[in-house]
Peer 1: 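My questions all concern the structure below.
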There are 2 protein chains.
Amino acid sequence: MSPFKPDIPHPSVRRLSVYLRQLESLRVQDVRTVSSQTLAASLGLTGAQVRKDLAYLGSLGHPGIGYPTQELVSAIRRALGIDREWLAALAGVGNLARALLRYRGFPQQGFRIVALFDTDPAKIGQQVEGLTIHGVGHIPEVIAATGAELGVLTVPVEGAQAVADMLVAAGIRGVLNFAPTVLRLPASVSLVSVDLAVQLEQLAFLVQMASHD
Amino acid sequence: MSPFKPDIPHPSVRRLSVYLRQLESLRVQDVRTVSSQTLAASLGLTGAQVRKDLAYLGSLGHPGIGYPTQELVSAIRRALGIDREWLAALAGVGNLARALLRYRGFPQQGFRIVALFDTDPAKIGQQVEGLTIHGVGHIPEVIAATGAELGVLTVPVEGAQAVADMLVAAGIRGVLNFAPTVLRLPASVSLVSVDLAVQLEQLAFLVQMASHD
DNA sequence: GGATGTGAACGACTTCACAGCG
DNA sequence: CGCTGTGAAGTCGTTCACATCC
């Protein structure tokens with residue numbers, strides 16, 4: 001099915017996302033070509049690191065010249081699987097959900113939120129950013145009707161596992177979880193979790209370490 | 001200054017945060033003691049991994065018994081530097097900021113947001129969650145007056161570096177950045193960045209890989 | 001000359017396996 | 001006997017160094 005699948009290591013995948021962000025801003029400035037050293041310096045990395053990562057995309061670089069910006073952008077998008085539109089459903093319509101709905105980065109990268117769910121009867125039926133909030137009981141039909149493949153979980157921690165299970169049952173293929181809990185999902189469903197308290201704790205640790213000379 | 005600083009590796013630090021979350025929920029259920037195997041299984045890790053991580057905290061485990069929940073929680077909090085209160089300032093009062101202000105996990109872990117900043121004249125002077133929004137011009141005085149040590153950046157990408165520079169100039173010691181850009185800060189200031197588009201891209205990649213058998 | 005792509009050396013983290021203790 | 005703590009082995013990722021090509 002896939003033409004070739006070079007099995008990109010996880011750290012490289014994360015960095016490719018970061019390169020993409022940087023390259024898109026360079027492209028806007030009409031920079032045609034970029035060297036591994038230049039790109040690396042702008043991100044605080046080494047040239048070798050960047051070259052290793054980009055080599056997973058194939059041989060796009062030209063010795064003595066660098067990498068063509070435009071082609072790199074396309075190749076990274078293809079490798080990451082974002083050379084097409086991804087439809088997502090969002091469960092739990094609080095402030096975080098509203099922030100995500102207005103976040104320009106998502107549509108820019110081809111992510112479109114096409115369905116909203118909540119358990120709160122007061123919210124069900126309301127419109128947010130042009131989308132109607134559905135009760136979680138309607139997850140199956142709405143997911144099927146919209147064709148959403150990804151689920152974004154911005155519900156309180158108590159309901160997270162239950163709502164995740166419903167999304168999975170409805171055929172969702174990946175979950176982005178913001179609830180501070182460890183979700184148990186079937187292996188066939190991909191999971192990325194972002195725990196905001198964990199991030200702040202990492203920061204506190206770093207600051208504390210920096211103080212101890 | 002520090003009694004002992006065992007230099008915990010980064011992956012372990014991240015997992016310690018996760019253990020803490022899990023242990024606190026166990027403690028609520030009055031579970032007095034926990035084995036590395038039990039804790040590991042609940043998180044999808046191996047017992048050896050958990051033991052290695054916990055060994056950085058000292059010898060808290062009892063062979064044949066396990067680890068005392070309560071003491072583990074305290075030891076992890078101490079190691080992470082969250083055995084005290086951290087004061088944070090939040091710059092950029094949009095939906096994401098409002099979500100963070102209402103997020104229960106922060107006060108629970110000892111993080112308190114004590115100051116708000118924005119550039120929008122329409123927002124300056126308004127109250128949100130009991131805090132007054134100040135103009136970014138007042139960052140120096142307000143940071144000094146409140147004693148905030150951490151800065152949370154929830155501003156649009158265009159203003160991120162400039163606001164970060166102001167926070168740094170005001171004496172902030174760590175920054176949690178949500179803007180999708182690579183911030184350049186002095187080495188003395190710690191930085192943790194969360195790029196939401198990157199997270200969704202990781203998810204898309206995983207789902208794509210899962211489809212290719 | 002200038003910059004890529006990559007084997008080889010290195011370093012970091014994880015897993016194994018087991019001695020030792022309650 | 002169960003479970004911890006930890007050297008040793010193994011795996012994974014990064015850095016180095018250089019042959020190669022325009």
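Chain naming here is simple, since letters A, B, ... match the order of the sequence lines and numbering starts at 1 in each.
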Peer 1: With sugar-phosphate meaning primed atoms plus P, OP1 and OP2, does A:Leu60 contact a base, only sugar-phosphate, or nothing at under 4.0 Å between heavy atoms?
Peer 2: sugar-phosphate

Peer 1: In terms of ring plane angle, is the pair B:His134 and B:Phe117 parallel, tilted or perpendicular, where the classes change at 30° and 60°?
Peer 2: tilted

Peer 1: In chain order, what residues pass the side chain to side chain contact (heavy atoms under 4.5 Å, CB included) check against B:Asp165, with sequence neighbours excluded?
Peer 2: B:Gln161

Peer 1: Residues in salt bridge (charged side-chain N to carboxylate O under 4.0 Å, His left out) with A:Arg51, at least two apart?
Peer 2: none

Peer 1: With 3.5 Å as the limit, what N/O pairs link the protein to nucleotides 18-22 of chain C?
Peer 2:
none

Peer 1: Under a 4.5 Å cut-off applied to non-hydrogen side-chain atoms, are B:Leu45 and B:Arg15 in contact?
Peer 2: yes

Peer 1: Tell me whether the side-chain N/O atoms of A:Tyr67 come closer than 4.0 Å to OP1 or OP2 in C:dG5.
Peer 2: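 Affirmative; the distance criterion is met.
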
Peer 1: With sequence neighbours left out, what residues match A:Arg112 under salt bridge (charged side-chain N to carboxylate O under 4.0 Å, His left out)?
Peer 2: A:Glu85

Peer 1: For B:Arg27, check side chain to side chain donor-acceptor pair (under 3.5 Å) against everything at least two apart and list the hits.
Peer 2: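 Side chain to side chain donor-acceptor pair (under 3.5 Å) check on B:Arg27 returns B:Gln70.
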
Peer 1: Can you check whether B:Gln202 reaches A:Val13 side chain to side chain, under 4.5 Å on heavy atoms?
Peer 2: yes

Peer 1: For the residue pair A:Leu43 and A:Gln22, establish whether any side-chain heavy-atom pair is separated by less than 4.5 Å.
Peer 2: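 A:Leu43 reaches A:Gln22 side chain to side chain.
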
Peer 1: Could you work out, with salt bridge (charged side-chain N to carboxylate O under 4.0 Å, His left out) as the rule, every residue matching B:Arg98, not counting sequence neighbours?
Peer 2: none

Peer 1: Go through the steps for A:Glu24 and A:Gln109 under the test side chain to side chain contact (heavy atoms under 4.5 Å, CB included), then give the verdict.
Peer 2: CA-CA 11 Å; A:Glu24 285 177 334; A:Gln109 297 304 327; 3.0 Å; yes

Peer 1: Listed by chain and number, what are the salt bridge (charged side-chain N to carboxylate O under 4.0 Å, His left out) partners of A:Arg102, not counting sequence neighbours?
Peer 2: A:Glu129

Peer 1: Between the protein and nucleotides 10-15 of chain C, list every N/O to N/O distance that falls short of 3.5 Å.
Peer 2:
from	atom 1	to	atom 2	distance (Å)
C:dT14	OP1	B:Arg15	NH1	2.6
C:dT14	OP2	B:Arg15	NH2	2.9
C:dT15	OP2	B:Gln49	OE1	3.4
C:dT15	O4	B:Lys52	NZ	2.8

Peer 1: Shoot me the first and last contacting nucleotide of DNA chain D against chain B, ordered 5' to 3', at under 4.0 angstrom to non-hydrogen atoms.
Peer 2: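 The protein-touched segment is D:dG2 to D:dA8.
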
Peer 1: Per the side-chain hydrogen bond (donor to acceptor under 3.5 Å, both in side chains) rule, what does the pair list look like for residues 186-200 of chain B, sequence neighbours excluded?
Peer 2: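 Non-adjacent pairs meeting side-chain hydrogen bond (donor to acceptor under 3.5 Å, both in side chains): B:Asn177-B:Ser193.
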
Peer 1: Using heavy atoms and a sub-4.0 Å distance, could you list which residues of residues 18-37 of chain A are near DNA chain C? By number, please.
Peer 2: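 A:Ser35, A:Ser36, in order of number.
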
Peer 1: Check side chain to side chain donor-acceptor pair (under 3.5 Å) between B:Tyr19 and all other residues, then give those that pass, not counting sequence neighbours.
Peer 2: B:Asp53

